[in-house]
Engineer: 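So that we are looking at the same thing, I have put the structure below in structure tokens.
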Protein chains: 4
Amino acid sequence: MTHADNAEKNLAPRPRAGRPRSAESRRAIIQSAMHILQNDGYAALNIEAIAARAGVSKQTIYRWWASAAFIVLEALTADMPAQEGLAPDTGSLKGDLLELIRPTVRALSSRRGPVYRALIAESQADARFAEAFRTSLMAAHREVVRAIVARAQLRGEVPFEADADLAADLIYGPILYRLLNGHAALDETFAFDLVDATIVALRNRESGVKRAAEAAE
Amino acid sequence: MTHADNAEKNLAPRPRAGRPRSAESRRAIIQSAMHILQNDGYAALNIEAIAARAGVSKQTIYRWWASAAFIVLEALTADMPAQEGLAPDTGSLKGDLLELIRPTVRALSSRRGPVYRALIAESQADARFAEAFRTSLMAAHREVVRAIVARAQLRGEVPFEADADLAADLIYGPILYRLLNGHAALDETFAFDLVDATIVALRNRESGVKRAAEAAE
Amino acid sequence: MTHADNAEKNLAPRPRAGRPRSAESRRAIIQSAMHILQNDGYAALNIEAIAARAGVSKQTIYRWWASAAFIVLEALTADMPAQEGLAPDTGSLKGDLLELIRPTVRALSSRRGPVYRALIAESQADARFAEAFRTSLMAAHREVVRAIVARAQLRGEVPFEADADLAADLIYGPILYRLLNGHAALDETFAFDLVDATIVALRNRESGVKRAAEAAE
Amino acid sequence: MTHADNAEKNLAPRPRAGRPRSAESRRAIIQSAMHILQNDGYAALNIEAIAARAGVSKQTIYRWWASAAFIVLEALTADMPAQEGLAPDTGSLKGDLLELIRPTVRALSSRRGPVYRALIAESQADARFAEAFRTSLMAAHREVVRAIVARAQLRGEVPFEADADLAADLIYGPILYRLLNGHAALDETFAFDLVDATIVALRNRESGVKRAAEAAE
DNA sequence: TAATAATCGAGACGGTACGTCACGTCTTGGA
DNA sequence: TCCAAGACGTGACGTACCGTCTCGATTATTA
């Protein structure tokens with residue numbers, strides 16, 4: 001999204017005139033937003049509260065972010081570089097997926113849960129944020145799955161017709177479902193089940209060709 | 001949940017004193033809520049707008065519903081009786097699942113989409129609504145899957161260890177994921193993929209016993 | 001002006017539905033506005049401060065008044081009925097004018113001064129308020145002069161061609177001038193001077209006819 | 001006032017170090033302020049708008065002027081030298097006063113009106129500006145009247161007891177009154193009326209001595 | 001020919017108040 | 001009892017200007 005992009009650009013080497021953006025304010029805003037979100041919940045996360053806690057004017061927030069959700073998104077993506085290339089590489093598809101999913105499930109069932117629930121809820125009300133969220137955080141998560149599947153294809157663990165995008169849906173879909181709907185726990189057993197289900201689905205080579213024929217019937 | 005329950009009770013034959021509840025107002029409120037949600041989106045759905053459009057006082061709304069989301073939920077559950085016993089019975093697991101999923105996906109990609117997106121978003125902010133939504137609509141959807149799987153087990157299409165709950169997660173999880181995140185279309189191809197993935201996962205009998213052993217390693 | 005008019009009407013016999021306007025809030029708002037104006041000055045008179053001091057919501061203020069100046073105007077005009085028919089009647093033009101001007105000058109050089117200075121200043125920035133101010137307060141003041149002059153004409157103290165409107169300008173103009181510009185005191189001597197000047201101007205019968213001729217030259 | 005004074009001094013030959021003040025910026029600022037005031041009104045006259053229109057930084061404005069009103073005042077006083085010694089000298093009191101008032105009234109009823117209305121309004125909110133305005137522009141205007149009256153006294157047209165200050169009040173007071181209150185037009189007829197009223201008031205020799213006696217009664 | 005000094009544009013900053021929106025509650029009179 | 005109308009206190013919204021504060025660049029005088 002434009003706002004967040006500008007923010008990052010303006011903090012990068014800045015050849016332009018005028019007082020430079022305050023890195024201190026930016027940090028205080030992001031920290032305040034996360035603090036309020038984690039402690040008081042998303043309902044309490046509003047611009048006035050963030051500004052007050054960060055000792056910052058509302059205008060400064062609005063100058064760089066379109067809404068509180070964008071601040072949270074930036075807080076999450078700012079951590080990402082450290083996690084980059086984080087696609088685990090254990091040598092086996094099952095190992096990789098478990099290495100990916102178990103920490104994910106663990107984080108979402110504790111402190112990360114409320115954050116993602118809030119951002120997904122916000123996505124339903126704000127199309128501009130939805131796009132930013134989808135193309136940054138969510139896309140990054142899906143990309144990891146795609147990388148894992150690609151390696152498994154090279155190793156011959158799954159056929160080349162295997163649909164990596166479907167795999168990402170089969171992993172993150174149910175996780176999201178349990179996170180948002182709360183009908184069952186996000187626990188280890190669930191992680192194992194998801195991995196198994198995803199692997200057998202990837203190995204099932206019907207996907208491409210045969211399916212098209214069926215649909216045509 | 002209490003409010004919605006009262007609503008239904010109060011419409012049933014009830015010998016209480018005073019002026020009876022206006023069925024006309026109830027209908028107008030529900031229709032207005034759905035109209036606003038479908039046309040102007042979740043962000044525009046508020047009590048004030050519903051009251052204005054329904055020609056009803058805000059008080060009347062607050063008397064019978066706890067929030068706009070409960071109105072929408074009532075609109076959906078009021079339609080349910082007509083769809084009840086909707087678990088399709090084609091004679092095969094694949095047929096049943098397709099019969100279930102294809103219309104679901106079709107509805108969600110058109111007029112039902114905004115409605116479910118709104119209710120799930122609301123669930124993240126309101127725990128009381130979340131419970132109502134989960135135990136009514138969502139539970140009903142999952143129950144259909146469970147019935148289909150049970151029949152498949154009786155037919156011997158899938159082992160008795162097959163996890164019907166996981167099957168529901170594998171079906172509705174990815175659907176929800178695409179609905180909420182919008183990274184890919186909710187189309188026919190997706191429905192076929194989901195059905196295939198779910199079936200191979202159900203047939204994979206590792207699920208229960210072996211898994212526990214692995215986790216213990 | 002519409003806002004102020006409605007306010008008065010709605011406090012009068014009200015045959016309409018809905019919760020009636022709170023006379024208590026109205027009183028608290030007007031009193032708070034006057035208190036702030038008298039103690040902290042016009043610069044400190046803003047809607048937020050009035051609302052806070054009156055224990056009232058901003059919305060309630062905006063519902064009935066277009067700006068703080070209108071509240072002050074209502075405070076002044078609400079006192080007017082008590083002063084109505086206040087055109088003094090001493091039996092002589094000079095007596096009447098003195099009876100009118102001396103208290104005016106005295107009030108403006110003490111507590112009324114800041115109030116009128118504020119309202120006139122506001123009139124320069126807000127055309128809608130300017131009209132309200134002119135047609136209520138200012139018009140009432142001018143009307144008193146007109147009544148005094150009319151009686152003097154009947155008594156034969158001044159010719160019938162005497163211009164009562166000009167008399168009002170000659171009285172209130174210089175008073176306003178000193179009030180706003182502050183180049184000299186608003187004192188008793190000034191009141192006497194104004195009365196004398198106004199009287200001789202009224203007796204000077206050139207006004208109408210001869211002037212037109214001159215202008216045509 | 002200090003700011004404005006500095007402004008003028010700093011433009012005069014001054015051997016201070018550093019980059020000299022930009023005459024170009026000063027001109028642009030003054031012109032922009034006048035343009036906004038004349039076209040968009042007093043309410044739209046703010047530093048931000050002036051800076052934007054002049055293509056100048058806000059800092060530059062704040063460095064040389066204390067508020068927008070001072071800029072306007074400087075715009076008017078910068079024109080004054082050209083008008084200096086403007087006390088008309090037609091040989092008769094009436095001629096002089098007409099020569100003075102008619103152009104004044106004409107200017108105020110067209111382009112000068114908004115300007116003076118703004119400055120007088122500002123004077124009510126800012127005591128420091130009020131003093132600057134009173135002792136520069138307003139004092140100059142009053143001085144002209146005093147000079148005219150002095151010549152009339154030498155000619156014997158009015159007694160030596162005639163109060164020139166009162167004359168200035170009788171002229172500028174009503175003009176200001178109509179300008180600010182807008183209850184009647186600033187036209188030729190009004191100019192004639194004012195002149196006549198002022199002359200008869202000046203000729204009425206009661207003013208000083210007798211009045212004191214009356215007041216003591 | 002530097003060093004010093006003041007100004008300039010640009011533009012971000014902490015503030016204050018604005019006027020609006022929706023909330024959920026509360027009187028009214030009437031059905 | 002319920003209903004519509006609609007006023008009420010509350011809290012947050014996003015915006016407009018305020019006056020101040022860096023920046024890098026520019027243009028003078030002084031050493």
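All values reported here derive from a predicted model rather than from experimental measurement. Order of the sequence lines sets the chain letters (A, B, ...), proteins ahead of strands, with each chain counted from 1.
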Engineer: Atom CZ of Arg21(B) to atom C1' of dA31(E): distance rounded to whole Å?
Structural biologist: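 After rounding, the gap between these two atoms is 18 Å.
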Engineer: Could you state the atom-to-atom distance from CD1 of Ile50(B) to P of dA5(F) in whole Å?
Structural biologist: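 Going from Ile50(B) (CD1) to dA5(F) (P), I get 17 Å.
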Engineer: Of all residues at least two apart in sequence or in a different chain, which pass the side chain to side chain donor-acceptor pair (under 3.5 Å) check with Thr60(D)?
Structural biologist: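 For Thr60(D), the residues satisfying side chain to side chain donor-acceptor pair (under 3.5 Å) (neighbours in sequence not counted) are Ser57(D).
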Engineer: In chain order, what residues pass the side chain to side chain donor-acceptor pair (under 3.5 Å) check against Arg27(D), with sequence neighbours excluded?
Structural biologist: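 Testing Arg27(D) for side chain to side chain donor-acceptor pair (under 3.5 Å), a comparison that skips the adjacent residues, returns Glu24(D), Gln31(D).
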Engineer: Atom pairs, N/O to N/O, protein against nucleotides 9-14 of chain F, distance under 3.5 Å?
Structural biologist:
residue, atom, partner, partner atom, Å
dG9(F), OP1, Ser25(C), OG, 3.2
dG9(F), OP2, Ser57(C), N, 3.2
dG9(F), OP2, Thr60(C), OG1, 2.7
dG9(F), N7, Ser57(C), OG, 3.3
dC13(F), OP1, Ile47(A), N, 3.0
dC13(F), OP2, Ile47(A), N, 3.3
dC13(F), OP2, Glu48(A), N, 3.0
dG14(F), OP2, Tyr62(A), OH, 2.5
dG14(F), N7, Lys58(A), NZ, 3.0
dG14(F), O6, Lys58(A), NZ, 2.8

Engineer: Kindly point out which of dG30(E), dT22(F), dC26(E) is positioned nearest to the side chain of Arg19(B)?
Structural biologist: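 Closest nucleotide to the Arg19(B) side chain: dG30(E).
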Engineer: In whole angstrom, what separates Trp64(A)'s CH2 from dG14(E)'s P?
Structural biologist: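 The answer, rounded to whole Å, is 12 Å.
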Engineer: Ile61(D) has an atom CD1; how far is it from atom C1' of dA10(E), in whole Å?
Structural biologist: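 Roughly 13 Å, once rounded to whole Å.
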Engineer: Side chain to side chain donor-acceptor pair (under 3.5 Å) with Arg134(C): which residues, sequence neighbours excluded?
Structural biologist: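 None.
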Engineer: Can you list the residues that meet the side chain to side chain donor-acceptor pair (under 3.5 Å) rule with Ser25(D), with sequence neighbours excluded?
Structural biologist: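 Result, side chain to side chain donor-acceptor pair (under 3.5 Å) vs Ser25(D): Ser22(D).
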Engineer: Nearest-Å distance, CG (Asp126(C)) to P (dC18(E))?
Structural biologist: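 In whole Å, dC18(E) P and Asp126(C) CG are 14 Å from each other.
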Engineer: What is the distance, to the nearest angstrom, from the CH2 atom on Trp65(B) to the P atom on dT25(E)?
Structural biologist: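 It is 16 Å, rounded to the nearest whole Å.
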Engineer: List for me each residue that meets salt bridge (charged side-chain N to carboxylate O under 4.0 Å, His left out) alongside Arg53(A), sequence neighbours excluded, and say none if there are none.
Structural biologist: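 So Arg53(A) forms no salt bridge (charged side-chain N to carboxylate O under 4.0 Å, His left out) with any residue.
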